[in-house]
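As structure tokens, the structure follows; a few thoughts come after it.
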Number of protein chains: 2
Amino acid sequence: MTRVSSLGMRAQAVIGRFLVRSNRTYLYERLVDGVNGVDATTYPVLSGLARVGPASATRLAAAIGLDRTATTRYASRLEAAGLLRRVPDARDGRATTLELTARGEAAVAAARRALAALFEDVLADWGEPEAERFVAGLERFVTALEQRHHAG
Amino acid sequence: MTRVSSLGMRAQAVIGRFLVRSNRTYLYERLVDGVNGVDATTYPVLSGLARVGPASATRLAAAIGLDRTATTRYASRLEAAGLLRRVPDARDGRATTLELTARGEAAVAAARRALAALFEDVLADWGEPEAERFVAGLERFVTALEQRHHAG
DNA sequence: TATTGTTATACTCTATAACTATA
DNA sequence: TATAGTTATAGAGTATAACAATA
């Protein structure tokens, strides 16, 4: 036996399937479908802002794993679509705070509902405790992965 | 209560975290780290070919969710690196079959082992039946998602 | 005429470099 | 001098269009 058990191999196989381009594209399409002014490129900015709250472009960029120059450009698109606004930081003349407008909040909520409905549908024929255990497992798994990532 | 339960919302939240760019990049780096001649761009072609077996560029492209023109170009890179070869199709003069070389097979195996080791590590402090249940759940979940996708 | 592989081209995403204003 | 935001630029990925060869 090698160090890598069959469980690890099964995990990499299924996660590999999950991460293939066609799947990601499918999920992003479902996510932004019918949400005006948002696409797969700008959604991470919108969603990240909803997650961390009002923030500077630099801080938001770090949170979503994107360069600050890309972040500010996508923020401009969302601003043009009326989904976020820029407000000057009163305590630092250099800084600008990005924050969602009411329509931006609504757009995020709609996108999340659409994705949640899809997953709800997928889990519909699972036993309730089974589905609950699985989602809890996902939360634990992703959190552990994030920690490993941030640890370097 | 809306149609979207909190479990669906929890699922979309955690999968959203999993799919963020920084996480995907991290996984792809781990995946191809130290595997010569393969990067995040060409890996899907290599891996897809391992999954479906020898195939034409057109068929492989459909399997990995990539355009056939991109597929054939990335295949050329992998060919130059000695990881796959092109063989003419005896029954159809237009077609070319892509197939992994021995080194290509070894590269895929190495990449998969690297990713499996990471996941193994993440799951190491889970109870064994818990980890097993979770991976089985993932397999069921991803399969259901793929079916929904292919259904349209 | 349709399809396969391939190349030419154009578009988008994203990072690095450069610029301006403020600390 | 360093940092925030922004814009200019360049490199990479990927699709559409075009082409040659074969069905």
Axial bend angle, the helix from C:dT1-D:dA23 to C:dA23-D:dT1: five-pair end segments, nearest 10°: 10°
Contact list (N/O, under 3.5 angstrom) for nucleotides 15-19 of chain C vs protein:
residue, atom, partner, partner atom, Å
C:dA15, OP2, A:D67, N, 3.0
C:dT16, O4, A:T69, OG1, 3.2

For residues 65-72 of chain B, run the donor-acceptor check on the side chains, cut-off 3.5 Å, and write out each pair with its distance to 0.1 Å, sequence neighbours left out.
residue, atom, partner, partner atom, Å
B:D67, OD2, B:T69, N, 2.7
B:D67, OD2, B:T69, OG1, 2.6
B:T71, OG1, B:D67, O, 2.8
B:T72, OG1, B:R86, NH2, 3.0

Contact under 4.0 Å: A:Y74 side-chain N or O vs C:dT14 OP1/OP2: yes
Side-chain (B:R24) to main-chain (B:L19) donor-acceptor, under 3.5 angstrom: yes
More than 12 heavy atoms from other groups under 6.0 Å of CG on A:D89: yes
Taking only nitrogen or oxygen atoms into account, show me every contact under 3.5 Å that the protein makes with nucleotides 21-23 of chain D, one pair per line with its distance.
residue, atom, partner, partner atom, Å
D:dA23, OP1, B:G93, N, 2.8

Close residues, residues 30-40 of chain A, relative to DNA chain D [heavy-atom separation under 4.0 Å]: none
Candidate list A:L49, A:L100, A:T42, A:V38, test side chain to side chain contact (heavy atoms under 4.5 Å, CB included), partner A:L83, passing option: A:V38
Side chain to side chain donor-acceptor pair (under 3.5 Å) contacts touching residues 13-23 of chain A (sequence neighbours left out): A:R17-B:T143, A:R17-B:E146
Where at least one partner belongs to residues 49-62 of chain B, residue pairs that pass side chain to side chain donor-acceptor pair (under 3.5 Å), sequence neighbours excluded: none
Presence of salt bridge, B:R85 and B:E79, under 4.0 angstrom: no
Chi angles and distances behind the side-chain contact (heavy atoms from CB on, under 4.5 Å) call for B:I64, B:V45: CA-CA 7 Å; B:I64 63 181; B:V45 173; 3.9 Å; yes
All pairs passing ring-ring contact (aromatic ring centres under 6.0 Å, His included) where residues 94-132 of chain A contributes a residue, at least two apart: A:F119-B:F141, A:W126-A:F134
Pair B:R148 + A:D121: basic N to acidic O under 4.0 Å: yes
Inter- and intrachain pairs under salt bridge (Lys or Arg N to Asp or Glu O under 4.0 Å), touching residues 127-138 of chain A, at least two apart: A:E130-B:R140, A:E132-B:R10
Rounded distance in Å - CZ (B:R86) to C1' (C:dT6): 8 Å
Those residues that, when tested against B:E105, pass side-chain hydrogen bond (donor to acceptor under 3.5 Å, both in side chains) (two or more places apart): none
Side-chain donor or acceptor of B:R103 paired with backbone N/O of B:A81 under 3.5 Å: yes
Below 4.0 Å: OP1/OP2 of D:dA4 and any side-chain N or O of A:T96: no
Pairs touching residues 56-84 of chain B that satisfy ring-ring contact (aromatic ring centres under 6.0 Å, His included), sequence neighbours left out: none
Within residues 49-60 of chain A, residues whose heavy atoms come under 4.0 Å of DNA chain D: A:S56, A:A57, A:T58
